[in-house]
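A quick write-up on the structure given underneath.
Residue numbering restarts at 1 for every chain, and letters A, B, ... go by the order of the sequence lines. For the numbers below, each heavy atom of this structure counts, side chains included, while hydrogens, waters and symmetry mates do not.
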Protein chains: 2
Amino acid sequence: MAKRPTVYDVAARAGVSIATVSFTFSQPHKVRPATREAVEEAARALGYLPSASARGLASGKTGAIGLFSFAYYARERGLQPDSQTPFGDEANEDFRMFPLYHDEVQRGVQVECWRRGYVLMVGDAKGAAGEADLAGIAGRVDGLAVFPNTVPDDVLMRISRRIPVVELSIPINNTGLHGVSVDNEGGMAELTGHLVEVHGLRDIAFVGPKGFPDKEHRFSGYAGAMVAAGLPLRTVDTAPIGHLADFAASTVAEFVAAGKLPQALVCSTDEEALAYMDALAAAGIDVPGQIAVTGFDGLVAGLVNRPSLTTVRQPLVELGRAGASILIDQVAKPGKGAVTRQLPVKLMIRESCGCQAQPGNQVR
Amino acid sequence: MAKRPTVYDVAARAGVSIATVSFTFSQPHKVRPATREAVEEAARALGYLPSASARGLASGKTGAIGLFSFAYYARERGLQPDSQTPFGDEANEDFRMFPLYHDEVQRGVQVECWRRGYVLMVGDAKGAAGEADLAGIAGRVDGLAVFPNTVPDDVLMRISRRIPVVELSIPINNTGLHGVSVDNEGGMAELTGHLVEVHGLRDIAFVGPKGFPDKEHRFSGYAGAMVAAGLPLRTVDTAPIGHLADFAASTVAEFVAAGKLPQALVCSTDEEALAYMDALAAAGIDVPGQIAVTGFDGLVAGLVNRPSLTTVRQPLVELGRAGASILIDQVAKPGKGAVTRQLPVKLMIRESCGCQAQPGNQVR
DNA sequence: GTGAAAGCGCTAACAA
DNA sequence: TTGTTAGCGCTTTCAC
């Protein structure tokens, strides 16, 4: 590549000083038309591209918002960084899982950046949530959004002393970081209530992991609704990461062996619900005929599934937008305390709870 | 925000020079362990985050790959940059259209960046493909990927004199830019052949716009197969942008009024095919009973649709990966000529052509 | 193995 | 309205 022309080159060709060139780009209307004209033509002729590095260094701002995540897509396919591993046959992918949770949130972040005149810098962790990777992107942006459980809190705290950091979908924020979340508890309570009141179910088991704040809140919603209805709680252990399908299958087998199939499985995520529906189908158990299954998230996957999945839809795009919005606001006018927002969710009644398919909630 | 600590601060605290600090980060093993230790502890204690701007300025590389697109998602919803327009009710979105074509390609770019140790910088055009927006991101990256018809060619040419530029999904590359594409012609020929040979159809109309190289190639594939079978060509005008549904409806109405319904509609994109299927359904015409409809792209939307859409699957993630890969290779070792790659496509036989649903190509 | 010093290209006072 | 002059924080020779 040819050496990139600089302000000096442009200034020389236009017969002005570098400051004027810089000024012409930032405050075009404050420059005499003839001067501006000359500068612009010089820039055009030279193929001048301002260096963002130099700009950022001089101005102290980068104009970029960062989003750090975990390379979910690649990792799920066993792809390694720096390896030559090819993807499998893309045409045979399980399309049901797209877009992923993270994709939708990322889209929201991207939209808000676009709207507010920022660019988005996306980085994915290479190692096991390595700090080094994060530093690589944290040093390039004016604000940073991260997915929960991707980076240790102390690392985030350190970074947040320099630039605003927002955690996406962390319910309660005791870390002092900015955060956006959704009404996990309310949504799950409403869903559980539907099972109890509309379908008259009593033996309802909750499926979900311990130790994740958002999942715990979903459990609270379930528990609250059950207790309010005078029903006993019942929980199913969650699968170890990466073994969802196997685990669901063996859990279903245990239910059958013990003759203790619940009337409903209230799962903490769509992904889990889908895995259980697969396992139940494989065991010849009809959903929703013999057991109802519900999810949480509202991924497209639940829509494609037969029966379609009754779930709670999170406003994922809005989640991303809200996160980016907080960041950009903070960049413009750094606040004192942590900003947090909770977004509402929406119950999506479909087939897997025992309701009839409805045009409005079926393919749309 | 507190002032960010710099190499000087770290050097002072560690009792070394800034060069040593820099050296410690780039060549850790070439520094005496004690020194390295001291530098690392100072960096940690200070919460030091290297400035990418300064690094980029000094080294002449940014470590980022740019992807420039058109804010399709936001624009389709009527969202304006800098406006306060909120999104509509996200729960009521037409999920069928996700992920979009661009989402999948972007994922591929992101994956490859991750794999090769780059970060991804995403920018969307604010105005009508404004050069200013592009310059904003072109100046921040070591290589740039763009979607076709997003930016005027001469602008791209100018940028490509400084950094490698790859066009994603441009079939023939007469511009001298790097490019990746898929076998549009072959895929469409195969699909048309299926309609003719397996289903015995003869009156097959092609639906698609003029003036887009990839669509033209698809037309060539269709035309070649028809001519080879001794069948007459028939084309349907394409809809003006943003009026797909209306246009499809009125086209169908014309077919009906004239009593000239084709036996098949071979559409140049899935989106178009889906719009025609909606219009046909509204007109009470059975697909595939009375008319076959096919698409091109292989979006999830076609899978969710009933009947599921027979189409040609493009390896979109691979397309993105290939594009990013070319860029990163070029950054490492700038080549002389333009690098181009064509990826194979895959025929996805589903229901809308008249075939039976098959487990393997249905929900997966 | 480590330090000194010279930029990288731009912005932001401040002068003129 | 335009020019001068300092840096911004880091990498990179080149000495030591």
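The base of C:dC8 is not paired with the side chain of A:Y8 by any donor and acceptor separated by under 3.5 Å.
Counting any heavy atom pair closer than 4.0 Å across all strands shown, A:S51 reaches sugar-phosphate atoms only and no base atom. Counting non-hydrogen atoms under 4.0 angstrom, B:F25 reaches nothing in the nucleic acid. If you check every strand for non-hydrogen atoms under 4.0 Å, A:V16 touches sugar and phosphate atoms only. Among the protein residues, B:T35 comes within range of the sugar-phosphate backbone only, with heavy atoms under 4.0 Å from sugar or phosphate atoms but none that close to a base.
With C:dA12, C:dT2, D:dT11 as the candidates, the nucleotide lying closest to the side chain of B:A58 is D:dT11. In this structure, of C:dG9, C:dA4, D:dC10, it is D:dC10 that holds the atom nearest to the side chain of B:I18. With D:dT4, D:dC10, C:dT11 as the choices, the nucleotide that has an atom nearest any side-chain atom of A:A19 turns out to be D:dT4. Listed nucleotides D:dT11, D:dT2, D:dC10 differ in distance to B:Y48; the shortest reach to its side chain belongs to D:dC10. The side chain of A:F23 sits closest to D:dT2 out of D:dG9, D:dT2, D:dT12.
The side chain of A:S17 places no N or O atom within less than 4.0 Å of a non-bridging phosphate oxygen (OP1 or OP2) of D:dT2. The phosphate of D:dG9 has neither OP1 nor OP2 within less than 4.0 Å of any side-chain N or O from B:S53.
Between B:E112 and B:R116 there is a salt bridge, with a side-chain nitrogen of the basic residue lying less than 4.0 Å from a carboxylate oxygen of the acidic one. B:E41 and B:R13 are joined by a salt bridge, as a carboxylate oxygen and a charged side-chain nitrogen come within less than 4.0 angstrom of each other.
The separation between B:K61 atom NZ and D:dG9 atom C1' is 19 Å, rounded to whole Å. Atom pair A:R55:CZ and D:dG9:P shows a separation of 19 Å (rounding to whole Å applied). If you take CG of A:L49 and C1' of C:dC10, they are 14 Å apart, rounded to a whole angstrom. The nearest whole Å value for the distance from the CG atom in A:D9 to the P atom in C:dC10 is 9 Å. Distance CG (B:L57) to P (C:dT11): 11 Å, rounded to an integer number of Å. Taking atom CD on A:Q27 and atom C1' on C:dT11, their separation rounds to 12 Å, with Å as the unit.
Counting only distance, with no hydrogens or angles, the side chain of B:R162 and the backbone of B:R158 share no donor-acceptor pair below 3.5 Å.
With sequence neighbours excluded, the residues forming a ring-ring contact (aromatic ring centres under 6.0 Å, His included) with A:Y48 are A:F25, listed by chain and number.
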